[in-house]
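Everything on this sheet refers to the single structure shown next.
Proteins get letters first, then strands, A, B, ... in listed order; numbering begins at 1 in each. All values reported here derive from a predicted model rather than from experimental measurement.
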Amino acid sequence: MLDITLLRTDPDGLAASFAHRGLTIDVPALVALDESRRRTRAAAEELRAAQNRAGKEIARLQGADKQAAIAAAADLAEQYKAALAEADVLDARFEAMWVPLPNPPHASVPKGVTDADNVTIKTRGTLPSFGFPVLDHVDLGERLGLLDMDRGAKVSGSRFAFLKGRAVMLEFALVQWALGRLMEEGFTPVVPPVLVRDQALFGTGFFPGARDQVYAVGVSDAKGNITADDLYLVGTAEVPLAGLHADEILDAAMLPLRYAGFSTCFRRESGTYGKDARGIFRVHQFDKVEMFSYCPPERSWEEHDALLAIEESLIAALGIPYRVVNVCSGDLGDSAAKKYDIEGWFPGQNAYRELTSCSNTTDYQARRLRIRYREGSGDPAMAHTLNGTAVAVGRTLIALLENGQQADGSVIVPEVLQPYTGFERLS
RNA sequence: GGAGGGAUGGCCGAGCGGACGAAGGCGACAGUCUUGAAAACUGUUGAGCCCCAUCGGGGUUCCGUGGGUUCGAAUCCCACUCCCUCCGCCA
């Protein structure tokens, strides 16, 4: 949700921000509706004030005077009820228009429509040259006994896999290493709930927009009928980590408040039928370490850069060539004001593909979740929230397998992970 | 799953139709006292929205959530949510 003062003080700037995203929004209509709802609310509150005064008077009166005052107040009560209903209708109408509006993009966000319009801002690492036919992660994984796609499909359907053997050890090595690195950076490790109420998904901006990407959990009765349980499987730990401090006023001295959440992530991937059908690049379930930060507004851009720097250092330490892209306005998502994706090099696809993502959602989520902070004894103000991928385990495993493959079919484990795996090579 | 109890301000806790944004205590902050500190004493101390305005002032809403009764609801009624205790089941 946006700060309403934007509408009142700078409607033209607001309209421009929607245009930046390629949206046409009738801002003057919003301004007019906002004005009429305030007028109506003020009128209702005046009636209420009169009613409150009358009530105090009634308490003091006795006998016939009291009866007369009550009769008069009954009339006031009727008027107030009507005025209140009118104000509520206008509020609801305004909110229906206001709440779905996306966060205004930062000035540095490139204008564009699809991910093809994203702008590469840096490229790091040297692309590996193999003197032998390059295998992709599916061939490598099945050959090394790390991955079983067919049986994943047998048990759970397409886009599911079994991860096995040393790949499992590699996953936990990645997670433990990443959490250790993040603790050095001041993050508190968290294992959050992965089932959340819709409130948390609304608050983070996934609902109502991305409803079709989220699994809803139900309960089946004896006849096999499924009833909704009003819980949803999260697609990222961002959701519970944002909800963690909902409805709180944080002490400014604690900020930035950094959390590193490890969770399984569930995504329906609806509308991606043909895309990335091979292997575990795009699956319904994967594990991820996610960074989340609560931050004062004046420091959030600095924090955004800091999170990106951490992501880069992790990927660089794993020896994966990568590039950083500034995600264009059309590809941003409602809640982000700016987003960096890191695309790692995947030799099996001969392409850079998304490996991590890092967003500054400014006060968009904070306003929806009522996450505020206070400087000393000052007034509460909206915090900013940011999130970024530390390690998306599935895709990182793919990158490690494909970049680390050797002529003999084995795969070298990055040095930083070896203390955690206890082995140097998958073979 | 069965039986009971509860939800009030940063925390504890009173209130059970009008004097209640809410006693009292704790905590926090400021002051007095003190060489300094502690103690003691005095004062201040919730959030949202709207209006006027220069610091500031006024109105309104909020006692788990949503409805209802009433001139008037923290207080009465209904529904829901969450928490706790005991029993059963269970990783």
Could you give the CD1-to-C1' distance, from I58(A) to A19(B), as a whole number of Å?
-> 15 Å
When you measure from the side chain of K66(A), which nucleotide among U81(B), G18(B), A47(B) comes out closest?
-> G18(B)
G57(B) versus U70(B) - spacing of their C1' atoms, nearest Å = 33 Å
Under a 4.0 Å heavy-atom criterion, the protein footprint on nucleotides 57-63 of chain B, written with B, S and -, is --BSS--
How do Q51(A) and R38(A) order along RNA chain B: which one's closest nucleotide is nearer the 5' end?
-> R38(A)
What interatomic distance, in whole Å, is found between P of C84(B) and the corresponding atom of A28(B)?
-> 29 Å
Partners of D247(A) by salt bridge (charged side-chain N to carboxylate O under 4.0 Å, His left out), sequence neighbours excluded?
-> R370(A)
What pairs with F94(A) under ring pair (Phe, Tyr, Trp, His ring centres under 6.0 Å), at least two apart in sequence or on another chain?
-> W98(A)
Counting Watson-Crick and G-U wobble pairs only, both distances under 3.5 Å, name the nucleotide matched with U81(B), or none.
-> A7(B)
G43(B) versus C51(B) - spacing of their P atoms, nearest Å | 36 Å
How many Å lie between CD on E35(A) and P on C50(B), as a whole number?
-> 13 Å
For G31(B), the Watson-Crick or wobble partner whose two distances fall under 3.5 Å = C41(B)
Judged by modelled atom types alone, do T272(A) and R159(A) share a side-chain donor-acceptor pair under 3.5 Å?
-> yes
May I ask you to decide whether R41(A) forms a salt bridge with E45(A), counting only side-chain N to carboxylate O separations under 4.0 Å?
-> no
Integer angstrom distance from the P of A7(B) to that of A47(B) = 25 Å
Among C71(B), C82(B), A47(B), the nucleotide that comes nearest once only the side chain of A73(A) is considered | C71(B)
Whole-Å distance between G48(B) C1' and R37(A) CZ?
-> 13 Å
Can you tell me the pairing partner of C76(B) across any strand shown, Watson-Crick or G-U wobble, with both distances under 3.5 angstrom?
-> G68(B)
Mind calculating the distance between NZ (K56(A)) and P (A19(B)) to the nearest angstrom?
-> 7 Å
Hunt down the Watson-Crick or G-U wobble partner of C90(B), both distances under 3.5 Å, from any strand shown, or write none.
-> none
Strand contacts (RNA chain B) in residues 361-375 of chain A, 4.0 angstrom heavy-atom criterion = R372(A), R374(A)
Output all residues satisfying ring pair (Phe, Tyr, Trp, His ring centres under 6.0 Å) with H304(A), sequence neighbours left out; order by chain, then residue number.
-> W301(A), Y340(A)
Using a cut-off of 4.0 Å on non-hydrogen atoms, how would the nucleic acid contact of R39(A) be classed: base, sugar-phosphate, or nothing?
-> nothing
Nearest heavy-atom neighbours spanning L2(A) and P104(A) | CD2-CD, 3.5 Å
Whole-Å distance separating the CD atom of Q67(A) from the C1' atom of U70(B) | 13 Å
Length of the line joining E248(A):CD and G9(B):P, which is rounded to integer Å | 15 Å
Under 3.5 Å, which donor-acceptor pairs do the side chains of residues 417-427 of chain A form with other protein atoms, sequence neighbours left out?
from	atom 1	to	atom 2	distance (Å)
Q418(A)	NE2	V413(A)	O	2.8
T421(A)	OG1	Q418(A)	O	3.3
T421(A)	OG1	F423(A)	N	3.1
T421(A)	OG1	F423(A)	O	2.7
R425(A)	NH1	S410(A)	OG	2.7

Please determine if E35(A) and R38(A) form a salt bridge, counting it only when a charged side-chain N lies under 4.0 Å from a carboxylate O.
-> no
Quickly work out the D34(A) CG to C50(B) C1' distance and round it to whole Å.
-> 11 Å
List in chain and number order the residues that pass ring pair (Phe, Tyr, Trp, His ring centres under 6.0 Å) with Y364(A), two or more places apart in sequence or in another chain; answer none if no residue qualifies.
-> none
Considering only the P atoms, how many Å lie between G66(B) and A73(B), rounded to the nearest integer?
-> 15 Å
Rounded to whole Å, CG of D247(A) lies from P of G48(B) at a distance of 12 Å
Could you work out which one of C51(B), G72(B), A47(B) sits closest to the side chain of I249(A)?
-> A47(B)
For residues 188-214 of chain A, please give each side-chain donor-acceptor pair under 3.5 Å, one per line with the distance, not counting sequence neighbours.
from	atom 1	to	atom 2	distance (Å)
T204(A)	OG1	A200(A)	O	2.8
T204(A)	OG1	L201(A)	O	3.3
R211(A)	NH2	Y232(A)	OH	3.4
D212(A)	OD2	S270(A)	OG	3.2
Q213(A)	OE1	E269(A)	N	3.1
Q213(A)	OE1	S270(A)	N	3.2
Q213(A)	NE2	S270(A)	O	3.1
Q213(A)	NE2	S270(A)	OG	3.2

P380(A) or R8(A): which one's nearest nucleotide on RNA chain B is closer to the 5' end?
-> P380(A)
With sequence neighbours left out, the residues meeting salt bridge (charged side-chain N to carboxylate O under 4.0 Å, His left out) with R367(A) are D3(A), D363(A)
With a 3.5 Å cut-off and no angle check, do the side chains of K288(A) and T236(A) form a donor-acceptor pair?
-> yes
Both distances under 3.5 Å, Watson-Crick or G-U wobble: report the partner of A23(B), or none.
-> none
Nearest-Å distance once atom C1' is located in both A40(B) and C49(B) | 42 Å
Which protein N or O atoms sit under 3.5 Å from an N or O of nucleotides 75-80 of chain B?
none

Partners meeting ring pair (Phe, Tyr, Trp, His ring centres under 6.0 Å) with H245(A) (sequence neighbours left out) = Y259(A), Y294(A)
Between G24(B) and C62(B), how far apart are the P atoms? Round to whole Å, please.
-> 23 Å
P gap between G5(B) and C29(B), integer Å = 42 Å
Kindly write out the residues that satisfy salt bridge (charged side-chain N to carboxylate O under 4.0 Å, His left out) with K338(A), not counting sequence neighbours, or none if the list is empty.
-> none
